[in-house]
Amino acid sequence: MRNAVRQELVARQTDEQIAARFPVGRRLRVLDVGLGQGTQALRLARGGHQVTGLESDPAMLDAVREELSAEPEGIRERVRLIEGDGRETGRHFEPGSFDVVLCHGVLMYVADPDALLAGLARVLAPGGLLSLLVRNADALAMRPGLAGDFGRALEAFDTDAYTNRLGLRARADRREVLAETLTAIGTPLHAWYGVRVFTDTAPDDAPVPDEPGALERLLSAEDRAGRTDPYRAVAALTHLFGVRGAGQQA
């Protein structure tokens, strides 16, 4: 359920920002850095966009290739997959090569993300959209606190490090810090949302609700919270959008 909520909210928020910036029906050049299972990349390809996926994990790439093989030829032709590190976009792409760049669930594994972000901004065309999904450092105490682990909750107030559900050490980001970085690289913060305000503490094996209307009610509540203060500020994840060469409007 947690992943279903994440993917659906990220899709809705991304579509909203694309619709606000580009003419209806325009086929966009999209780069997905660290595409993982390829959920968003394949969704955008099905929507008619040209999508390039950059992924460093060969096993992940194989899984996406297998899923892509089941798609109609027209969709397969719109997807290009490259094995590579997101910090090396300059090796693969010319400046201004893409209208939209996605970087979801990647920054938490990068100790110093500034160089990666500068590289992503470099490959964006003027007016292009940069979509970042990060762990929210301002809400690290929420998960252990709601679980009753108040010792870990107290520790979380004073750090940006955490251990994820896979047991990996990772780093969270603060929106204000990322906003400064985005401005410095010429891609100022334009809009931001919260992702998983209510469902972040659900068990890993929690099923997607199957009662009539239950999933849509859940998604509607999460969607509303993710765009409403003060709820969005305590979401587990923060979804930020920068615009290449634009003024700040968040």
Side-chain angles (χ1 to χ4, degrees), residues 2 5-7 9-10 12-14 16-17 33-34 36 40 86-87 101-122 124 129-147 149-201 222-244 246-250:
R2 292 168 68 253
V5 170
R6 165 185 161 165
Q7 296 294 354
L9 290 180
V10 166
R12 293 183 183 190
Q13 294 158 3
T14 301
E16 181 173 276
Q17 291 301 314
V33 174
Q40 299 300 323
R87 291 166 291 191
V101 173
L102 312 180
C103 185
H104 298 164
V106 174
L107 290 194
M108 57 271 291
Y109 302 114
V110 180
D112 183 5
D114 288 4
L116 183 149
L117 291 172
L120 301 185
R122 172 184 171 274
L124 267 178
L129 192 66
L130 175 61
S131 170
L132 303 175
L133 186 69
V134 303
R135 186 80 160 99
N136 182 8
D138 291 326
L140 285 182
M142 291 295 292
R143 185 185 294 174
L146 291 173
D149 190 342
F150 300 113
R152 284 184 57 216
L154 287 169
E155 293 172 359
F157 282 110
D158 301 313
T159 183
D160 62 1
Y162 69 103
T163 300
N164 66 18
R165 295 197 180 204
L166 299 176
L168 301 175
R169 291 295 287 171
R171 181 190 54 77
D173 287 285
R174 288 185 164 80
R175 175 172 47 87
E176 290 82 359
V177 175
L178 279 178
E180 292 177 359
T181 300
L182 290 172
T183 297
I185 62 176
T187 314
L189 181 64
H190 178 74
W192 68 279
Y193 306 82
V195 174
R196 282 207 318 251
V197 175
F198 302 126
T199 54
D200 186 59
T201 56
E222 284 280 10
D223 180 73
R224 178 77 175 269
R227 62 181 67 242
T228 304
D229 293 323
Y231 303 101
R232 63 176 180 165
V234 295
L237 304 169
T238 305
H239 192 189
L240 307 97
F241 291 89
V243 176
R244 183 67 167 161
Q248 187 168 342
Q249 188 184 319

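Since the model is a prediction, treat every value here as computed from it, not as a measurement.
The neighbour count for Y231 OH, taken as heavy atoms of other residues, nucleotides or ligands under 6.0 Å away, does not exceed 12.
To the nearest 0.5 angstrom, R122 atom CZ is 13.0 Å from I185 atom CD1. A distance of 12.5 Å separates CG of L240 from OG1 of T187, quoted to the nearest 0.5 Å. D112 CG to R87 CZ: the interatomic distance, rounded to the nearest 0.5 Å, is 10.0 Å. Atoms CG and CG, from L132 and L182 in turn, are 6.0 Å apart once rounded to the nearest 0.5 Å.
Taking the side chain to side chain contact (heavy atoms under 4.5 Å, CB included) definition, one finds that N164 meets it with Y109, Y162, L166, L168, sequence neighbours left out. Among residues two or more places apart in sequence or in another chain, the ring pair (Phe, Tyr, Trp, His ring centres under 6.0 Å) test is passed with H104 by H239. Residues meeting the salt bridge (Lys or Arg N to Asp or Glu O under 4.0 Å) test with R224, sequence neighbours left out: none. Legend: residues meeting salt bridge (Lys or Arg N to Asp or Glu O under 4.0 Å) with R175, ordered by chain and number and at least two apart, are absent.
Within the 3.5 Å criterion, the main-chain N or O of A233 finds a donor-acceptor partner in the side chain of N136. Of the possible polar contacts, one joining the R171 side chain to the L107 backbone as a donor-acceptor pair under 3.5 Å is found. Of the possible donor and acceptor atoms, one in the side chain of Q40 sits under 3.5 Å from a partner among the backbone N and O of Q7. Formation of a donor-acceptor pair under 3.5 Å by the R244 side chain with backbone atoms of L129 is not found in this model. Put simply, the side chain of R2 gets close to the backbone of D200: a donor and an acceptor are under 3.5 Å apart.
Residue A139 comes nearest to A235 through the heavy atom pair CB-O, 3.6 Å, listed as atom of the first residue, atom of the second, then distance. Considering all non-hydrogen atoms of both residues, V134 and M108 come closest at C-CE, 4.1 Å. Looking at every heavy atom in both residues, G34 comes nearest to V106 through CA-CG2, 4.0 Å. What you find for G145 and F150 is that their closest heavy atoms are O-CE2, 3.4 Å. Taking both residues in full, the closest heavy atoms of A141 and A153 are given as CB-O, 3.5 Å, listed atom of the first, atom of the second, then distance.
Sorted by first and then second residue, the salt bridge (Lys or Arg N to Asp or Glu O under 4.0 Å) pairs with a member in residues 153-170 read R165-D204; sequence neighbours excluded.
Each of R227, Q13, R232, E16 was scored for a side chain to side chain donor-acceptor pair (under 3.5 Å) with Y193, with one residue passing: E16.
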What donor-acceptor contacts under 3.5 angstrom involve side-chain atoms of residues 113-121, with partners at least two apart or in another chain?
none

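Between D138 and V234, every side-chain heavy-atom pair lies at or beyond the 4.5 Å cut-off.
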Exercise for review: Please assess R135 against D173 for the test side chain to side chain contact (heavy atoms under 4.5 Å, CB included), listing each intermediate value before the final yes or no.
Suggested key: CA-CA 6 Å; R135 186 80 160 99; D173 287 285; over 6 Å; no
Exercise for review: Determine, step by step, whether L189 and T183 satisfy the side chain to side chain contact (heavy atoms under 4.5 Å, CB included) criterion, reporting the C-alpha distance in whole Å, the side-chain angles of both residues, the deciding distance to 0.1 Å, and the verdict.
Suggested key: CA-CA 7 Å; L189 181 64; T183 297; 6.0 Å; no
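Salt-bridge check for E222 with R12: failed, with every basic side-chain N at 4.0 Å or more from each acidic carboxylate O.
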